[in-house]
Participant: 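First the structure, then my questions, so here it is.
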Amino acid sequence: MKRIVILTCLKASRVCTGAACFQAFNQRTRAFVRYGKEPLEIEAFMRCSGCGHTMENDKGLQEKVERIVKLHPDAVHLGICCCHDGGDQELCREIEALAGIFLENGIEVVRGTHSEF
């Protein structure tokens, strides 16, 4: 069984319910098609702590990241909202830093949930 975490942008929470991410996960579409019929489990649905929040200046973010690292999921999927404007395909620097931490800890980072980028 593959264990998955979905990471999204805090700003997106103003308009996002997470429904599209979960629908893609449940139906194995878009970025989740890669898993085929393999059993999957959502370990966490994490939002970043917002622009300007880093591991160095935000104890809450540190705790969230440590929790994910301790869970050691098979992959962290990044929502399209993790990009600067949701469409330019360039990760914001806070998300880029989080992705780096997960990669350093042997956790695959996948760009996409209901949208692939």
Side-chain angles (χ1 to χ4, degrees):
M1 174 184 325
K2 294 276 187 190
R3 297 171 30 243
I4 307 298
V5 169
I6 295 175
L7 172 59
T8 62
C9 172
L10 183 64
K11 287 192 284 188
S13 66
R14 292 182 220 140
V15 296
C16 176
T17 64
C21 288
F22 282 105
Q23 184 177 38
F25 174 85
N26 290 331
Q27 295 175 359
R28 302 296 196 282
T29 59
R30 301 304 203 120
F32 299 104
V33 74
R34 66 187 15 231
Y35 302 107
K37 295 186 185 283
E38 183 174 359
L40 300 178
E41 185 174 274
I42 291 282
E43 293 291 306
F45 189 85
M46 177 184 165
R47 298 206 188 271
C48 72
S49 292
C51 299
H53 289 257
T54 66
M55 293 288 285
E56 294 77 30
N57 70 15
D58 186 326
K59 185 164 177 53
L61 179 61
Q62 290 174 16
E63 291 175 12
K64 289 193 289 189
V65 170
E66 288 169 5
R67 175 65 190 231
I68 299 302
V69 168
K70 185 181 269 186
L71 288 171
H72 200 78
D74 295 290
V76 174
H77 278 254
L78 308 179
I80 189 71
C81 55
C82 294
C83 292
H84 288 290
D85 65 5
D88 68 2
Q89 299 186 9
E90 185 178 323
L91 297 177
C92 74
R93 69 176 173 256
E94 289 83 4
I95 296 294
E96 189 76 54
L98 296 177
I101 293 166
F102 297 134
L103 288 169
E104 288 170 6
N105 282 278
I107 301 168
E108 180 182 15
V109 175
V110 179
R111 293 171 65 121
T113 57
H114 63 89
S115 293
E116 297 174 90
F117 58 104

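Keep in mind it's a predicted model, so treat the numbers as computed, not measured.
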Participant: Using only atom types and a distance under 3.5 Å, with no angle test, would you say the side chain of Asp74 pairs donor to acceptor with the backbone of Arg3?
Facilitator: yes
Participant: Within the structure provided, determine whether Phe22 and Thr113 are in side-chain contact (heavy-atom separation under 4.5 Å).
Facilitator: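 No, side chains not in contact.
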Participant: Using a 4.5 Å cut-off on heavy atoms from C-beta on, say whether the side chain of Cys51 contacts that of Lys11.
Facilitator: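 They are in contact (side-chain heavy atoms under 4.5 Å apart), so the answer is yes.
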Participant: Ignoring hydrogens, what is the shortest heavy-atom contact between Asn105 and Ile101? Give both atom names and the distance.
Facilitator: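 Where Asn105 meets Ile101 most closely, the heavy atoms are ND2-O, 2.8 Å.
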Participant: Considering only heavy atoms from C-beta outward, does the side chain of His72 approach that of Ile107 to under 4.5 Å?
Facilitator: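 They are in contact (side-chain heavy atoms under 4.5 Å apart), so the answer is yes.
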Participant: Under 3.5 Å, which donor-acceptor pairs link side chains of residues 13-21 to any protein atom two or more places apart or in another chain?
Facilitator:
{"from": "Ser13", "atom 1": "OG", "to": "Leu10", "atom 2": "O", "distance (Å)": "2.6"}
{"from": "Thr17", "atom 1": "OG1", "to": "Ala19", "atom 2": "N", "distance (Å)": "3.0"}

Participant: Search all heavy atoms of His114 against all heavy atoms of Arg30 and return the closest pair with its distance.
Facilitator: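 Heavy atoms only, the tightest pair is O-CG, 3.0 Å.
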Participant: Kindly indicate, with the supporting measurements, whether the criterion side chain to side chain contact (heavy atoms under 4.5 Å, CB included) is fulfilled by Leu98 and Leu7.
Facilitator: CA-CA 9 Å; Leu98 296 177; Leu7 172 59; 4.2 Å; yes
Participant: Tell me, with the steps shown, if Leu78 and Ile95 meet side chain to side chain contact (heavy atoms under 4.5 Å, CB included).
Facilitator: CA-CA 9 Å; Leu78 308 179; Ile95 296 294; 4.2 Å; yes
Participant: If the threshold is 4.0 Å, N to carboxylate O, is there a salt bridge linking Lys2 and Glu43?
Facilitator: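 The answer is no: the pair does not qualify as a salt bridge.
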Participant: Side-chain contact, heavy-atom cut-off 4.5 Å: Ile6 with Phe32?
Facilitator: yes
Participant: Is it the case that the side chain of Glu94 and the backbone of Cys48 share a donor-acceptor pair, with hydrogens and angles ignored and the cut-off at 3.5 Å?
Facilitator: no
Participant: Looking at Met46, Lys59, Met55, which hits side-chain contact (heavy atoms from CB on, under 4.5 Å) with Lys64?
Facilitator: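 Option passing the side-chain contact (heavy atoms from CB on, under 4.5 Å) with Lys64: Met46.
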Participant: Testing the basics here: between Ala99 and Val109, what is the closest heavy-atom pair and its distance to 0.1 Å?
Facilitator: O-CG2, 3.6 Å
Participant: Kindly determine whether Phe45 and Arg47 satisfy side chain to side chain contact (heavy atoms under 4.5 Å, CB included), including the steps that lead there.
Facilitator: CA-CA 7 Å; Phe45 189 85; Arg47 298 206 188 271; 3.9 Å; yes
Participant: I'd like to know if the side chain of Asn57 and the backbone of Gly52 have a donor-acceptor N/O pair within less than 3.5 Å.
Facilitator: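 Checking the backbone N and O of Gly52 against the side chain of Asn57, a donor-acceptor pair under 3.5 Å is found.
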Participant: Please walk me through it: do Val65 and Phe102 pass side chain to side chain contact (heavy atoms under 4.5 Å, CB included)?
Facilitator: CA-CA 8 Å; Val65 170; Phe102 297 134; 4.1 Å; yes
Participant: With sequence neighbours left out, what residues match Arg28 under side chain to side chain contact (heavy atoms under 4.5 Å, CB included)?
Facilitator: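 Partners of Arg28 under the side chain to side chain contact (heavy atoms under 4.5 Å, CB included) test: Leu40.
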Participant: Report yes if the side chains of Leu91 and Arg111 come closer than 4.5 Å at any heavy-atom pair, otherwise no.
Facilitator: yes
Participant: Taking atom types as modelled, find out whether Glu56 and Thr54 have a side-chain donor-acceptor pair closer than 3.5 angstrom.
Facilitator: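 On atom types as modelled, these side chains qualify, holding a pair under 3.5 Å.
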Participant: Looking at NE2 of His77 and SG of Cys82, how far apart are the two atoms once the value is rounded to the nearest 0.5 Å?
Facilitator: 12.5 Å
